[in-house]
Amino acid sequence: MDAQQEYELGAAAFKAGDAATGAEHLRRAAFAGHAEAQNQLARVYFAQVKTRTDLADLEAAAQSGDHVALFVLAMCFLDGKLIAKDTDKALLALQHAAARGNVMAEAMLNSPAQA
């Protein structure tokens, strides 16, 4: 199954109310490089970060190489969500995410504001 098909299955599962299945399909599409799946999965991850335990789970996923988790961790550092704002750590997380194929991180790093 290709990334677009995984993305479409994920979107359909979310629409049907099956978030777990939807997230799994989005994860597969995201890791295959599907930009919109990466975006949607990042939104799911970010929305789920509500406690320090959630943040610890996100950090563990980031440390294991999950590029979407790295991107979301960078957003947490930029936003100050459950963690002290730290642009240096955010930049480092974005660089690691981009190196692993996260197109959103690449776009942020290549934006004119970063130049």
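- In this structure, the side chains of Leu26 and Arg43 stay at 4.5 Å or more apart for every pair of heavy atoms.
- Atom CG in Leu94 sits 6.5 Å away from atom CG in Leu78 (nearest 0.5 Å).
- Evaluation of the salt bridge (charged side-chain N to carboxylate O under 4.0 Å, His left out) test over residues 73-85, restricted to residues two or more places apart or in two chains, returns none.
- Residues passing the side chain to side chain donor-acceptor pair (under 3.5 Å) test with Thr51, sequence neighbours excluded: Asp54.
- Residue Leu70 shares its hydrophobic cluster (ILVMFWY side chains chained together at separations under 4.5 Å) with no other residue.
- Scored by the ring pair (Phe, Tyr, Trp, His ring centres under 6.0 Å) test, Tyr45 finds no partners at all (sequence neighbours excluded).
- Qualifying side chain to side chain donor-acceptor pair (under 3.5 Å) partners for Arg100, counting only residues two or more places apart in sequence or in other chains: none.
- Phe31 meets the ring pair (Phe, Tyr, Trp, His ring centres under 6.0 Å) test with His67; sequence neighbours excluded.
- Remark: Ala32 pairs with Ala3 by the side chain to side chain contact (heavy atoms under 4.5 Å, CB included) rule, at least two apart or across chains.
- The shortest side-chain heavy-atom distance between Cys76 and Leu58 falls under the 4.5 Å cut-off.
- Residue Phe14 comes nearest to Gly22 through the heavy atom pair CE1-C, 3.3 Å, listed as atom of the first residue, atom of the second, then distance.
- Here the closest heavy-atom approach between residue Ala98 and residue Ala105 is recorded as N-CB, 3.7 Å.
- The hydrophobic cluster containing Leu109 also contains Met75, counting ILVMFWY residues as joined when their side-chain heavy atoms lie under 4.5 angstrom apart, directly or transitively.
- In terms of heavy-atom proximity, Ser64 sits nearest to Ala61 at OG-O, 2.7 Å.
- Residues Leu92 and Met108 do not share a hydrophobic cluster, defined by chaining ILVMFWY side chains whose heavy atoms lie under 4.5 Å apart.
- By the rule that hydrophobic residues join a cluster once side-chain heavy atoms approach within less than 4.5 Å of another member, Phe77 and Leu91 end up as members of one cluster.
- A heavy-atom distance below 4.5 Å is found between the side chains of Leu55 and Leu73.
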Next on the checklist: Could you go through Gln48 and Val72, starting from their C-alpha distance and side-chain angles, then the distance that decides it, and tell me whether this counts as side chain to side chain contact (heavy atoms under 4.5 Å, CB included)?
Outcome noted: CA-CA 11 Å; Gln48 290 176 345; Val72 174; over 6 Å; no
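- Applying the ring-ring contact (aromatic ring centres under 6.0 Å, His included) definition to pairs two or more places apart or across chains, none involves residues 47-66.
- For the side chain to side chain donor-acceptor pair (under 3.5 Å) test, residues two or more places apart in sequence or in another chain that qualify with Asp18 are Thr21.
- What you find for Leu82 and Val49 is that their closest heavy atoms are CD1-CG1, 3.7 Å.
- Annotation for Met1: hydrophobic cluster partners, listed by chain and number, are Leu9 (ILVMFWY side-chain heavy atoms under 4.5 Å, direct or chained).
- Using a distance-only test at 3.5 Å, with no hydrogens or angles considered, a donor-acceptor pair links the side chain of Gln38 to the main chain of Val103.
- Residue pairs meeting the salt bridge (charged side-chain N to carboxylate O under 4.0 Å, His left out) criterion with at least one member in residues 22-42, sequence neighbours excluded, are Glu6-Arg28, Glu24-Arg27, Glu24-Arg28.
- With sequence neighbours excluded, the residues that form a side chain to side chain donor-acceptor pair (under 3.5 Å) with Gln4 are Glu8, His34.
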